[in-house]
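The structure appears below as structure tokens.
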Amino acid sequence: MLTAATLLAACAPTTQVPVATAPPTTAPQAAAPHWPSLAETYLNYYSGEYQRLYTASAEAEWRSNTHIVPGDTANAGATARANERMAAFTGSTENITRLRELLEHKAELTALQVKQVETALYNAANSPQTVADVVKARIKAETQQTEKLYGFDYQYQGKSVTTNDLDELLRQEKSPARRQQIWEASKEIGPTLKPGLLNLRDLRNQTVQALGYPDYFTYQASDYGLSRQEMMTLVRQLNEELRPLYRELHTYARYELARQYGVKQVPDYLPASWLPNRWGQDWSSMVDVKGLDLDPVLAKKGAEWQVQQAERFYQSLGFPALPASFYAKSSLYPLPKGANYKKNNHASAWHMDLDHDVRSLMSVEPNTEWYETTHHELGHIYYYLTYTNPEVPVLLRGGANRAYHEAMGSLMGLAARQKPFLAGLGLIDPKVKTDEMQALLKEALGSVVFIPFASGVMSEWENSFYADQLPADQLNARWWELTKQYQGIVPPTTRGEQYLDPATKTHINDDPAQYYDYALSYIILFQLHDHIAKQILHQDPHATNYYGSKEVGTFLADIMRPGASKDWRTVLREKTGEDLSARAMVEYFQPLMAYLKEKNKGRKYTM
Ligand code: X8Z
Ligand code: ZN
């Protein structure tokens with residue numbers, strides 16, 4: 001997701017903008033300073049400036065991500081300037097000094113003030129003006145990388161194709177040879193991004209090092225209150241807990257796909273080009289569940305319907321209608337064929353002004369993947385709208401942590417796929433008999449399969465890249481080493497260092513060192529779902545219907561409302577009675593274990 005951290009880079013303004021003068025933080029008179037009052041005055045001033053600069057940066061970034069013309073320097077220049085102004089403010093030595101001074105009097109401040117000061121200092125580390133030239137170079141490099149990433153012209157069989165086209169081909173194509181061509185086409189972009197990514201690694205590391213973080217990965221993990229080691233320990237443990245089930249799914253998929261593609265010799269490791277997703281992070285389209293296939297009905301309803309339907313679902317829980325500006329200003333659908341510009345091809349949600357201007361950038365097509373993604377993005381949007389309230393200061397308008405922000409909409413996406421929900425809405429025939437085990441298998445191929453990718457491959461690679469200074473001639477080798485170890489996937493042919501396959505994942509470029517957010521979001525969302533199903537709806541977690549439940553809406557809105565002003569661990573404990581744990585996710589898929597073990601009897605396990 002593009003969030004403050006991603007959008008708001010740093011540096012010295014090239015154009016002078018009027019900036020309100022900071023009020024003093026030390027009282028002029030001899031009387032002992034009253035720190036809470038000083039903090040209040042200062043934070044008011046800081047927040048006002050922050051919101052103004054953030055909005056300008058978001059507007060410029062929006063333009064840069066929705067209107068990409070390779071070689072067009074006007075957008076890039078405007079975005080760099082807006083981000084530099086933002087950086088110059090958040091990372092200014094004066095602000096850092098004052099924030100540190102306030103923090104020295106932590107004991108005298110309110111808890112809410114302390115959180116704001118800490119957040120401002122965290123933001124400062126992304127753009128300290130003591131290394132203004134580094135920050136400025138990073139902003140420029142980030143803008144250029146975005147342009148390369150989303151301006152790329154993918155080609156298949158001699159024709160330009162979109163990433164939506166490639167994804168659809170990977171879901172449908174049955175010939176292994178053609179699948180390999182499609183997969184290779186999707187990796188063509190990698191080398192284009194290599195110099196920029198290597199440059200960004202150094203610039204990102206150097207930026208945060210100026211404020212004492214050893215590396216950029218550590219910096220991002222600190223947003224959870226965790227050290228790098230603690231974060232890696234956590235994600236490795238989650239991966240271990242899901243591993244037995246993954247092993248069954250992996251074995252199942254090797255035999256099943258070999259059968260589907262008419263390959264006699266079942267491979268020990270899955271060729272990456274066999275999987276219905278560019279990175280093998282989601283295999284759910286491998287399985288069709290009779291009676292539950294949404295694609296035909298979605299195709300009839302059209303792309304717009306999916307966004308409206310997702311909104312209706314949130315509204316049914318008691319959330320408000322989206323502001324009219326959401327529909328007027330968002331960029332929700334693919335560009336018309338023949339457009340002379342491109343847009344960011346990855347879905348995101350934007351809180352433009354940290355107030356009511358909320359937008360989403362998507363390329364929605366009427367199919368199951370986008371059906372889930374629209375629910376995901378609206379989760380961000382409703383999170384934004386819910387914590388935009390007088391109780392939550394501008395600086396704390398964020399998720400309880402980044403994973404909660406990712407969890408809300410994915411939870412709604414999961415709920416919107418369950419049979420009672422679909423039947424209630426008339427999207428499937430309520431009388432139709434469906435195979436529950438197949439339905440659970442399909443779900444596992446979406447969410448269980450995701451864990452080794454997110455908590456394993458992505459997190460380990462970025463940890464190596466940023467913190468362990470992975471050498472430039474081992475980038476691709478490390479990627480495929482991790483892919484084999486965690487996902488049991490191998491490339492269809494040797495992929496040397498002339499390629500850069502990790503860079504084909506957009507997050508590696510523009511959402512750096514944060515991908516464990518998604519792994520954690522799945523863990524959290526299963527905890528929330530378990531609680532909702534059992535304690536609120538009194539329904540089987542495998543067969544729920546959230547639609548119309550104001551109680552479910554209240555439960556979710558209560559988590560969203562405080563934003564980042566409440567500690568994320570406290571929120572989880574208060575709302576579910578549990579600490580962060582894979583228990584709910586493992587339990588949800590437990591029935592599948594026996595089924596798959598039976599199916600896989602006599603088959604060779606390779607992981
Ligand atoms: O990137 C996303 C969201 C961003 S708001 C669409 N997701 C991850 C991905 O696509 O890799 C959602 C789940 C995983
Ligand atoms: Zn997201």
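From a predicted model like this one, the values you see are computed outputs, not experimental measurements. Counting starts at 1 for both ligands and their atoms, following the listed order.
- Contact annotation: E377 places no N, O or S atom under 2.8 Å from the Zn ion (ligand 2).
- Note on E406: its N/O/S atom closest to the Zn ion (ligand 2) is OE1.
- Every atom of ligand 1 is numbered from 1 in the order shown, and the set under 4.0 Å from a heavy atom of A347 is 4 (C), 5 (S), 6 (C).
- At under 3.5 Å, a nitrogen or oxygen of H346, whether backbone or side chain, sits near a nitrogen or oxygen of ligand 1.
- A distance-only check finds a donor-acceptor pair linking the side chain of N476 to the backbone of R495 [under 3.5 Å].
- Atoms of ligand 1 found under 4.0 Å from any heavy atom of H380 (numbered from 1 in listed order, with element): 5 (S).
- Residue contacts with ligand 1 do not include W279, since none of its heavy atoms lies under 4.0 Å from the ligand.
- Between H507 and ligand 1, at least one pair of N/O atoms sits closer than 3.5 Å.
- In summary, the side chains of N123 and T90 do not present any donor paired with an acceptor at a separation below 3.5 Å, with no hydrogens or angles considered.
- Under 4.0 Å is where a charged nitrogen must lie from a carboxylate oxygen, and between R228 and D468 at least one such pair does.
- Between Y515 and ligand 1, an N or O atom pair is found at a separation short of 3.5 Å.
- A salt bridge between R417 and E443 is absent, with no side-chain N of the basic residue lying under 4.0 Å from a carboxylate O of the acidic one.
- Residue F450 approaches ligand 1 through these ligand atoms, each under 4.0 Å from one of its heavy atoms: 14 (C).
- The cationic group of K484 lies under 6.0 Å from the six-membered ring centre of Y269 and within 45° of the ring axis, placing it in a cation-pi geometry.
- Cation-pi geometry between R359 and W62 is met: the NZ or CZ atom falls under 6.0 Å from the ring centre, inside 45° of the normal.
- Donor-acceptor pairing under 3.5 Å is recorded for the side chains of D501 and W480.
- Because its NZ or CZ atom is not both nearer than 6.0 Å to the ring centre of Y466 and within 45° of the ring axis, R201 does not count as a cation-pi partner of that residue.
- Within ligand 1, counting atoms from 1 as listed, the ones closer than 4.0 Å to a heavy atom of Q281 are 9 (C), 10 (O), 11 (O).
- With 2.8 Å as the limit, H405 does not count as an N, O or S neighbour of the Zn ion (ligand 2).
- For the pair Y518 and ligand 1, the shortest N or O to N or O distance falls below 3.5 Å.
- For the residue pair H376 / S410, a side-chain donor-acceptor distance below 3.5 Å is found, with atom types taken as modelled.
- Taking a cut-off of under 4.0 Å to the non-hydrogen atoms of E377, the atoms of ligand 1 that pass are 3 (C), 4 (C), 5 (S), 6 (C).
- Residue-to-ligand polar distances place K505 within reach of ligand 1: an N/O pair is separated by less than 3.5 Å.
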